[in-house]
Every structure is written in C-alpha cells, then in structure tokens.
Amino acid sequence: MVNWSDPDEIARDSDVFHKLVFALFGVYIWELFVTCGFEWSLLTKRRQFRVPLVLFFLCRYCMLLSFIGLIISTSATKEINCKALYTFNSWTGNMSILCASTSLMLRTFALWERRLSVVIPLGLLCVAHWALLYRTMFIVVSQWDPVLKACVVIQTNPSMLNTTFFFTMGFDFIILIITAIALLARHSARTGLWKLLFQDGLVYFIVSFSTNCIPAVLNVLNLNSESLPISEFQRRFTRSWRQ
C-alpha cells in the first residue's frame, strides 16, 4: 500500500507534476501554432470578428498565461510573491474554464434560436457557474518556504474545489443534452451540421468526462499536498482544450 504522506512519495508526485506541466505546455504551444491561421484570418479581415470570439480568445490565451504562471511557480529558486502568483494562476485557469463552457452554451442558444425556455435556465446556471468559479479563484493561499525554496500551499478548501469539479461537469452535460435535443428535433441526422455539432459534442463529452474523473477522484481522496495542484491542472487543461 502506497504511503501518500511519505516525503519520498510527495517528492516523486511533485516531480511528476513538474514534468507534466512542461510536457503539456509544449503540446499547447504546438496547438496554438498549428491553429494560428484563425487569428491571421481575422487580422487580414478574411473572417469577420464577432463578439462571442472574445470568449474564445480569453479561453485560448488565459490557458497560456496559466501555463506560464505554473512554470514560474514550480521553477522559482528565489523568493517570490507566492500568494499573488497563485491567485494569478487561479484566475487565468478558471477564466479558461468559464469561457469554454460559456462558448458551448452560446452555441446551444443559437441552435434553439434564443428560445426563452432554454436561455433562462441555462443563463441562470451560467451565472451560478461564474460565481462559483470566481469564488474558488481566491481560496488557495500560498507562501514562500525558505527551507524548501519553493511556494507551499498553506490554505485551501477541498470541498469547494470538489463542488466546482462536479458543477462544471454537470453544467456541460446539461448543455450537451439540450444541444442533442435541438439537433434531433430538426430531423437532420444526415446533414453535415448534425454530424459536426452532435457527434463532435458527444465525443467531447465522453472524453472530457472520462479525463475529468481522474482529477475529481484525486481531489476527493486528497492523498497528499501534490494531489491538489495535479488534479486542478488536469481539470483546467481538459476544459480549455475543446476551444
């Protein structure tokens, strides 16, 4: 049986987290590079800029900033303002999640032609989602440890983080179901639109739900001090990846 409180095990988990951050940072930079044609099409005015794209770009670049903040927090060897850095990481990470979910909701509004019976319930859930995740941006407190020469989390709220995990997963699931109903009601199962939105959305949810089970379980178990940042990072990366 693994002793998750053993200092050697915590050190190994910390090393895994550091390597995971750098590996996924490389993947994300590659993703930005291969899809930069979208930004270029806007700059050259081949594509018209629309207001919902603000959410798209916030998600896209808040995740990049979150990566940079995480790398700084895991690589610093001299004293830094850990509290401010962790708040910055939480803000950018949660903003990427919020913008991704809100973009998916706006797509659903369009499918339902802004019907109030859909807009009002989803709008209320979206407001609750924003309020919940904004609250969790400020619950992780960290300070510099001169002995370890690293930022150490000294205060957090695992129950609040668990709530954000499952609320976000539930919110996305509700959006998926409502989207599927709208598409099925149009009897357009053979059209490209149906395949693009329904099948891609279904695949996204299955992948997202499966991968988010891992950080959710890690967060619930609260195995050691490293399980929190690993689970939180996995959640942010998975949620924003769909953008």
Side-chain angles (χ1 to χ4, degrees), residues 1-29 58-59 61-99 130-168 211-241:
M1 189 68 175
V2 177
N3 180 11
W4 295 100
S5 299
D6 183 73
D8 292 335
E9 180 61 34
I10 294 176
R12 282 193 293 269
D13 293 343
S14 178
D15 183 57
V16 168
F17 176 62
H18 296 166
K19 292 177 179 177
L20 179 66
V21 170
F22 278 96
L24 293 183
F25 177 66
V27 173
Y28 198 73
I29 291 295
L58 272 175
C59 176
Y61 292 105
C62 277
M63 191 62 196
L64 176 64
L65 293 174
S66 181
F67 268 116
I68 295 172
L70 280 168
I71 289 174
I72 293 174
S73 66
T74 59
S75 305
T77 56
K78 295 183 179 180
E79 185 173 355
I80 57 176
N81 188 337
C82 296
K83 183 178 180 181
L85 180 59
Y86 270 61
T87 299
F88 172 80
N89 292 343
S90 296
W91 187 88
T92 52
N94 281 8
M95 280 299 296
S96 65
I97 297 170
L98 289 168
C99 292
W130 277 78
L132 184 62
L133 264 71
Y134 248 88
R135 175 66 184 89
T136 59
M137 291 178 186
F138 309 101
I139 63 174
V140 178
V141 180
S142 176
Q143 69 179 20
W144 180 260
D145 189 318
V147 177
L148 298 176
K149 293 184 178 180
C151 292
V152 177
V153 175
I154 60 173
Q155 181 182 333
T156 186
N157 189 335
S159 61
M160 178 67 75
L161 293 175
N162 290 337
T163 302
T164 62
F165 271 118
F166 294 107
F167 188 96
T168 303
T211 54
N212 274 279
C213 281
I214 299 173
V217 170
L218 285 174
N219 200 58
V220 170
L221 294 177
N222 193 24
L223 300 175
N224 57 37
S225 59
E226 291 301 318
S227 64
L228 171 63
I230 291 176
S231 61
E232 179 68 8
F233 175 71
Q234 287 176 324
R235 177 177 74 112
R236 294 174 183 175
F237 184 77
T238 304
R239 289 294 168 187
S240 64
W241 184 256

Review point. Heavy atoms, side chains only, cut-off 4.5 Å: are I72 and I68 in contact?
Key: yes
Side-chain contact, heavy-atom cut-off 4.5 Å: W91 with L65? no
So, for [X] and [Y], which heavy atoms are closest and what is the spacing to 0.1 Å?
{"X": "L64", "Y": "Y28", "answer": "N-CE2, 3.9 Å"}
{"X": "G69", "Y": "N89", "answer": "CA-OD1, 3.0 Å"}
{"X": "R135", "Y": "I139", "answer": "NH1-CG2, 2.9 Å"}
{"X": "S96", "Y": "M63", "answer": "OG-SD, 3.9 Å"}
{"X": "V140", "Y": "Y86", "answer": "CG1-CD2, 3.9 Å"}

Mind telling me whether F138 and Y134 have parallel, tilted or perpendicular rings, with 30° and 60° as the class edges? tilted
CG of L24 to NZ of K19, rounded to nearest 0.5 Å, is 14.0 Å
Any side-chain to backbone donor/acceptor pair from [X] onto [Y]? Under 3.5 Å, distance only.
{"X": "S73", "Y": "L70", "value": "yes"}
{"X": "T74", "Y": "I71", "value": "yes"}
{"X": "S66", "Y": "C62", "value": "no"}

task: Any chance you could lay out the side-chain contact (heavy atoms from CB on, under 4.5 Å) test for M160 and L132, step after step, and finish with the verdict?
output: CA-CA 9 Å; M160 178 67 75; L132 184 62; 3.6 Å; yes
Could you go through W130 and M95, starting from their C-alpha distance and side-chain angles, then the distance that decides it, and tell me whether this counts as side-chain contact (heavy atoms from CB on, under 4.5 Å)? CA-CA 9 Å; W130 277 78; M95 280 299 296; 3.9 Å; yes
**Prompt:** T163 and T136: side-chain contact (heavy atoms from CB on, under 4.5 Å), yes or no, with the steps?
**Reply:** CA-CA 10 Å; T163 302; T136 59; over 6 Å; no
